[in-house]
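Take a look at the structure set out below.
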Protein chains: 2
Amino acid sequence: MTLPTKRIAESTVRRLSMYLRYLEGLDAMGQRTASSDELAQLCGTTPAQVRKDLSFFGSFGKRGLGYPVHELTEHLQEILGLRQAWQVVIVGAGKIGSALAEYRGFKQRGFQVVGVYDKNPDKIGRPWGDAVVRDMSTLPDDVTEHHVDIAVLAIPADDAQDVVDQMVAAGIRAILSFAPTSLHVPAHVAVKTVNMAMELEGLSYALTNRGA
Amino acid sequence: MTLPTKRIAESTVRRLSMYLRYLEGLDAMGQRTASSDELAQLCGTTPAQVRKDLSFFGSFGKRGLGYPVHELTEHLQEILGLRQAWQVVIVGAGKIGSALAEYRGFKQRGFQVVGVYDKNPDKIGRPWGDAVVRDMSTLPDDVTEHHVDIAVLAIPADDAQDVVDQMVAAGIRAILSFAPTSLHVPAHVAVKTVNMAMELEGLSYALTNRGA
DNA sequence: GTGTGTGAACGACTTCACAGCC
DNA sequence: GGCTGTGAAGTCGTTCACACAC
């Protein structure tokens with residue numbers, strides 16, 4: 001059920017995440033079932049896509065009826081690994097990091113911020129949400145000792161690879177980077193990069209070539 | 001040369017943006033030429049991919065030598081539409097918006113922030129970078145009058161579609177959204193969505209199923 | 001020899017279409 | 001009748017491999 005035989009495409013996982021968000025909303029509103037058609041419209045995809053995505057993990061629907069909202073919600077949480085807590089550190093005590101930490105869905109989904117780090121002496125020791133900004137030099141040891149799963153990287157591109165290497169050596173397993181650079185890590189470490197400049201340039205391209 | 005016959009894949013445009021970033025760095029360091037192999041290593045892709053991507057727009061390289069760094073940099077800026085200024089508004093005077101506005105590459109690449117908007121009376125009128133936070137109700141008129149090209153949307157998911165509809169009616173042409181929801185717009189409006197929760201859940205999935 | 005440019009082969013994701021069950 | 005589950009078909013992007021230019 002949560003054991004797909006084939007490797008699942010990243011695009012599928014992204015859509016599962018989106019289905020979950022809307023299903024949680026429907027569940028909160030007391031809706032009992034949802035069809036692939038309804039989910040597709042909410043998420044901006046197609047009914048066939050919804051059914052295919054879900055079918056990789058099991059047969060959750062009832063023919064003629066649709067999918068049971070509450071039950072499917074729980075299945076998706078399970079599939080995405082959201083029914084457990086993940087230990088997260090935020091590296092770089094700037095605006096991006098604090099925007100993330102502020103985000104409600106963050107804690108709700110089991111992402112626990114166990115530390116915030118910066119190398120700027122002016123920031124070290126300052127209160128930051130529930131925590132206090134710690135010296136970056138303590139990061140590797142902390143990652144190892146507290147079994148940190150995920151690091152959110154919000155530091156300049158030039159410093160990024162160096163910090164990544166230290167965290168990888170310390171046992172980090174996943175990284176969400178906002179640094180506008182490509183990161184090199186061993187295969188067992190998962191990396192996602194969000195590059196705002198790249199997104200904007202994509203829009204610039206679209207505006208420039210929208211006629212074509 | 002900047003007139004591709006076929007539609008260009010989004011993934012290709014994203015890589016062009018990345019090539020550009022590294023080429024600008026090489027150019028600043030005085031390097032004259034770069035091979036597809038070198039660019040591929042820097043960007044974490046393959047030489048064949050680099051050559052294919054560039055070949056959609058012309059023959060910029062010299063066989064046996066590689067690509068002229070400075071010239072290719074300019075070609076890519078042209079292709080991506082970065083040799084002109086874009087008028088940008090930031091909607092939502094929170095952490096995300098300010099993180100973006102703070103980002104140096106933003107202005108460098110010709111993205112000019114012409115206004116920041118919020119509906120919170122406590123924020124309206126406050127200084128915000130070089131600007132002052134304006135009342136969201138003035139947004140549609142401002143978009144029309146100042147021919148705003150791009151809106152960066154950093155407001156709660158529940159308010160997003162409504163604001164988008166207003167901006168579309170007012171003539172916006174592109175939207176970069178940080179709201180964790182799917183947006184519906186007419187075909188002539190370009191939209192990119194950055195969903196941090198989705199990225200984190202992708203990592204959660206990877207950690208949960210890393211053995212598989 | 002070195003490295004580009006590109007059709008052709010390959011692989012991956014999406015869409016189709018219909019059998020099967022409620 | 002309505003809607004799911006899924007093999008098959010289609011589409012799109014990536015990789016290969018080699019002719020060609022320097």
Side-chain angles (χ1 to χ4, degrees), chain A residues 1-19 23 26 31-69 71-73 75-76 79 182 202 205 212, chain B residues 1-19 23 26 31-69 71-73 75-76 79 182 202 205 212:
Chain A
M1 170 174 75
T2 51
L3 305 158
T5 45
K6 297 200 324 176
R7 207 193 125 274
I8 300 299
E10 190 177 311
S11 51
T12 294
V13 177
R14 298 176 70 85
R15 284 190 299 268
L16 293 181
S17 175
M18 186 163 267
Y19 303 152
L23 284 166
L26 295 177
Q31 186 171 326
R32 291 298 185 76
T33 61
S35 65
S36 58
D37 217 331
E38 181 173 5
L39 281 174
Q41 282 194 284
L42 287 171
C43 299
T45 182
T46 66
Q49 184 77 80
V50 173
R51 296 199 298 275
K52 180 65 90 179
D53 287 340
L54 295 175
S55 76
F56 290 131
F57 300 90
S59 298
F60 305 117
K62 287 190 172 38
R63 299 175 192 224
L65 276 172
Y67 297 90
V69 170
E71 201 179 312
L72 183 54
T73 300
H75 277 305
L76 287 179
I79 291 166
S182 79
Y205 177 84
Chain B
M1 167 175 75
T2 51
L3 306 157
T5 47
K6 299 201 323 177
R7 208 192 125 273
I8 299 300
E10 190 177 311
S11 50
T12 295
V13 177
R14 297 176 70 86
R15 284 190 298 269
L16 292 181
S17 175
M18 186 163 267
Y19 303 153
L23 283 165
L26 295 177
Q31 186 170 327
R32 291 297 185 77
T33 61
S35 65
S36 58
D37 216 331
E38 182 173 5
L39 281 173
Q41 282 194 283
L42 287 171
C43 299
T45 181
T46 66
Q49 185 77 79
V50 173
R51 296 199 299 274
K52 179 65 93 180
D53 287 340
L54 295 175
S55 75
F56 291 131
F57 299 90
S59 298
F60 304 119
K62 286 189 174 36
R63 300 179 191 220
L65 275 172
Y67 297 89
V69 170
E71 202 179 312
L72 183 54
T73 301
H75 277 305
L76 287 178
I79 291 166
S182 79
Y205 177 84

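Every chain is numbered from 1 and lettered A, B, ... according to where its sequence line falls, protein lines coming before strand lines.
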**Request:** Kindly say if B:S36 contacts the phosphate of C:dG3, meaning a side-chain N or O under 4.0 Å from OP1 or OP2.
**Result:** no
**Message:** So, taking the atom named OG1 in A:T12 and the one named CZ in A:R7, what distance separates them when rounded to the nearest 0.5 Å?
**Reply:** 9.5 Å
**Request:** On DNA chain C, check which nucleotide each of A:A9 and B:P47 is closest to and give me the residue with the more 5' one.
**Result:** B:P47
**Asked** Taking five pairs at each end of the helix from C:dG1-D:dC22 to C:dC22-D:dG1, what angle separates the two helix axes (nearest 10°)?
**Response** 0°
**Asked** Can you tell me how far P of C:dC13 sits from CG of A:D53, to the nearest Å?
**Response** 11 Å
**Request:** Starting at CE of A:M18, measure out to CG of A:L42 and round the result to the nearest 0.5 Å.
**Result:** 10.0 Å
**Request:** Check every nucleotide of DNA chain D for an atom under 4.0 Å from a heavy-atom of chain B, then give the first and the last such nucleotide from 5' to 3'.
**Result:** D:dG13 to D:dC22
**Fill in**
Rounded to whole Å, the CZ-P distance (A:R15 to C:dC13) equals 10 Å
**Request:** Could you check how far CG of B:L65 sits from C1' of C:dT4, rounded to whole Å?
**Result:** 10 Å
**Prompt:** Which pair of non-hydrogen atoms, one from B:G202 and one from A:V13, has the smallest distance, and what is that distance?
**Reply:** CA-CG1, 4.1 Å
**Message:** On DNA chain C, does the nearest nucleotide to B:S59 precede the nearest nucleotide to A:T12 from the 5' side, or the other way round? Give the residue.
**Reply:** B:S59
**Request:** Report yes if a side-chain nitrogen or oxygen of A:T46 is closer than 4.0 Å to either non-bridging phosphate oxygen (OP1 or OP2) of C:dT15; otherwise report no.
**Result:** yes
**Message:** Show me the pairs that pass salt bridge (charged side-chain N to carboxylate O under 4.0 Å, His left out) and involve residues 32-45 of chain A, at least two apart or across chains.
**Reply:** none
Would you tabulate the pairs of protein nitrogen or oxygen atoms and nucleotide nitrogen or oxygen atoms of nucleotides 16-19 of chain C closer than 3.5 angstrom?
from: C:dA17; atom 1: N6; to: A:R51; atom 2: NH2; distance (Å): 3.4

Which atom pairs, donor and acceptor, lie under 3.5 Å between side-chain atoms of residues 44-52 of chain A and protein residues at least two apart or in another chain?
from: A:T46; atom 1: OG1; to: A:Q49; atom 2: N; distance (Å): 3.1
from: A:Q49; atom 1: NE2; to: A:D53; atom 2: OD1; distance (Å): 3.3
from: A:R51; atom 1: NH1; to: A:S36; atom 2: OG; distance (Å): 3.2

**Prompt:** Are any of B:Y67's side-chain N or O atoms less than 4.0 Å away from OP1 or OP2 of C:dT2?
**Reply:** no
**Asked** Who pairs with B:E71 by salt bridge (charged side-chain N to carboxylate O under 4.0 Å, His left out), at least two apart in sequence or on another chain?
**Response** none
**Message:** One pair to check against side-chain contact (heavy atoms from CB on, under 4.5 Å): A:Y19 and A:L72. What are the steps and the verdict?
**Reply:** CA-CA 9 Å; A:Y19 303 152; A:L72 183 54; over 6 Å; no
**Message:** If you apply the rule side-chain contact (heavy atoms from CB on, under 4.5 Å), what do you find for A:Y67 with A:L23, and how did you get there?
**Reply:** CA-CA 10 Å; A:Y67 297 90; A:L23 284 166; 6.0 Å; no
Sequence neighbours left out, cut at 3.5 Å: what donor-acceptor pairs do the side chains of residues 56-64 of chain B make with other protein atoms?
none

**Asked** Listed by chain and number, what are the side chain to side chain contact (heavy atoms under 4.5 Å, CB included) partners of A:S11, not counting sequence neighbours?
**Response** A:A9, A:R15
**Request:** Please check if atom CD in B:E10 has more than 12 non-hydrogen atoms from other residues, nucleotides or ligands closer than 6.0 Å.
**Result:** no
